[in-house]
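To start, the structure under review is shown below, and the notes come after it.
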Number of protein chains: 2
Amino acid sequence: MFRNTKFKDKSTRPSNLVQTVERVSQIIDLVGNSSQGMSIKDISSTLGLPKGTVHRLLTSLAYFGYIRQDAKTKNYLLGLKLLELGNLITSQLDLRKIAEPYLKELAEKTKETVHMVILDQYEVVYIEKIESEIGTGGLKMASRVGARNPAHSCAVGKVLLSYLTDEELDTFIEKKGLPQRTPNTIVSPIQLKEHLSMVRNQGYAIDDEENEKGIRCVAAPIFDDKGRPVSAISISGPSFRVTKKLIQDVLKKEVIKTGLEISKALGFKGVT
Amino acid sequence: MFRNTKFKDKSTRPSNLVQTVERVSQIIDLVGNSSQGMSIKDISSTLGLPKGTVHRLLTSLAYFGYIRQDAKTKNYLLGLKLLELGNLITSQLDLRKIAEPYLKELAEKTKETVHMVILDQYEVVYIEKIESEIGTGGLKMASRVGARNPAHSCAVGKVLLSYLTDEELDTFIEKKGLPQRTPNTIVSPIQLKEHLSMVRNQGYAIDDEENEKGIRCVAAPIFDDKGRPVSAISISGPSFRVTKKLIQDVLKKEVIKTGLEISKALGFKGVT
DNA sequence: CTTTAAATTTCGTATTACGAAACATTATTT
DNA sequence: AAATAATGTTTCGTAATACGAAATTTAAAG
């Protein structure tokens, strides 16, 4: 008896979701994405829940610090507990701690924005972002630590995808699709697979305005002590500064070098 | 009919806490404070909950990204959603954004650690921490963004307490007490009140190893556009470097100055 | 001072989450 | 490699929990 469809899949809705957890998550998302906080009325009408219910959940959340109530406006805002937890997880990702000095150096040297990401649920999650103090010239990238991006359309994502098995890639494509973000985005599965094998061979990836018009990036992988590609780093910037030539002549070399340095700091001994 | 004891008090346990929220909070705290993550067994035995229940809550939390499961060890860890939320709240505290450059400059100039805090539930919460790149000489402060401290025993706390009304101060003392952290901690309510009125008059506070042996700090307040003391900043360091003389001659002036600069950036027009 | 709107509390009820135990999977020992 | 132990996952009948309509209180606006 074999069951070829039995893929344990953490991203599909569990059969027995706890209702309260779902509602709490919805409330926190909602409140988090409002700049001025929200009233109970707002929340209850947006989510279609009775005011009483929302109030009960909010007071419980407030008691544990996940939500706080503005003294003046009476609006509910994210609580400071989330600051604490956000920093806790940072310290759990010791990857990030180790990489930090190298990334700073890279940002200084190249005068562009440096990102560090990991792959989670087939999406790219930014775990570090360093902007060169000078040189960014008022142009700031909209990215933010904790934010997510499709993997197929950015350099860091393509680097990490390039180490997946063919089977995993199929699951990825099936689950996430290959949404076209710009005219340059690779949307054909076959093309993507060819591209990824190239990326893997050459050890770096370029995002030539595939994710956002006007932004170009180069990325390289980071390996842990077991040689597993656990993370990727990139240099990103506006296309008029980050030209194809600059990438080939300078930036490519620098990301790869920094990637290798961080890998070594993690105990990576090199291939074979 | 008057009821003098009717103080709306957000920190006492609400009558109708949602059980699931409490359990979720316990689980997240537990998992967050473990460096290697925890198994279901660990969590259920620590909290005294049945495995099935813990499992159900964990899968729900994982679905929404608050918890993730390590692929290898199968242990549960904090999820990356918390990174995202931690960064969201940071951007909601635009106070912090505005202050950042000033604080960096202060840290550079003084070569010591600079903190920024707000008061929440009568406790000090660190919302920013900047370490001077050089000069810390291997000595790092254990503080962490999001962490909390009693208010009566640190400079930033005393600065903020100094603006409370007498009534609020009594509530604070009743609720939190004045725990003795070191031999220097002020533990007498009367002494504290006298001290605070002095702090308020002089516009800064010193923590002379009152919170931690070997650590001395100076702090100054930050006012918003309405003239309300919304935050406080401090310079902290080992007592052998941060001498009383250095504070009086140099540091005191610098924190006050930086505090005022930030206040002005927030729209503060000065007193009267 | 009156009116309106939102926030908070109450309370009987049905749904939801509970948790004991069965079952499955993974790790450990012999 | 087989057996055993230990942990993880699912099931399901039940009761406690959270629900939510409505009443009450509080705050804001006219």
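So that the names make sense, note that chain A is the first sequence line, chain B the second, and so on, each numbered from 1. Computed over heavy atoms, backbone and side chain alike; hydrogens, waters and symmetry mates excluded.
Gln19(A) CD to Thr20(B) OG1: the interatomic distance, rounded to the nearest 0.5 Å, is 9.5 Å. Atom CZ in Arg200(A) sits 9.5 Å away from atom CG in Leu164(A) (nearest 0.5 Å). For the atom pair CG (Leu78(B)) and CG (Leu83(B)), the distance works out to 9.5 Å, reported to the nearest 0.5 Å.
The base of dA7(C) lies close enough to the side chain of Lys51(A) for a donor and an acceptor atom to sit less than 3.5 Å apart.
For Pro50(B), the listed nucleotide lying nearest its side chain is dG19(C); candidates were dG8(D), dG19(C), dT8(C).
Contact check, Thr20(A) against dA17(C): a side-chain N or O comes under 4.0 Å of OP1 or OP2. An OP1 or OP2 oxygen of dC18(C) is reached within less than 4.0 angstrom by a side-chain nitrogen or oxygen of Arg56(B). For Gln19(B), a side-chain nitrogen or oxygen approaches OP1 or OP2 of dC18(C) to under 4.0 Å. Here Arg23(B) reaches the OP1 or OP2 of dC18(C): one of its side-chain N or O atoms lies under 4.0 Å away. Between dT7(D) and Tyr76(B), no contact under 4.0 Å exists linking OP1 or OP2 to a side-chain N or O. Applying the 4.0 Å criterion to OP1 and OP2 of dT7(D), one finds that Ser39(B) has every side-chain N and O outside that range.
Direction change of the helix axis from one end of the helix from dC1(C)-dG30(D) to dT30(C)-dA1(D) to the other is 50°, with five pairs defining each end axis (rounded to 10°).
In terms of the ring-ring contact (aromatic ring centres under 6.0 Å, His included) criterion, residue partners of Phe172(B) (sequence neighbours excluded) are, by chain and number, Tyr122(B).
For the pair Leu17(B) CG and dT9(C) C1', the computed distance is 15 Å after rounding to whole Å. Put simply, CG on Leu58(B) is 13 Å from P on dT10(D), counting in whole angstrom units.
The residue among His55(A) and Leu57(B) whose nearest nucleotide of DNA chain C lies closer to the 5′ end is His55(A). Mapping Lys41(A) and Val21(A) onto DNA chain C by nearest heavy atom places Lys41(A) closer to the 5' end of the strand.
No more than 12 heavy atoms of other residues, nucleotides or ligands sit less than 6.0 Å from atom NZ of Lys264(B).
For Tyr66(A) and Tyr66(B), the gap between ring centers reaches or exceeds 6.0 Å.
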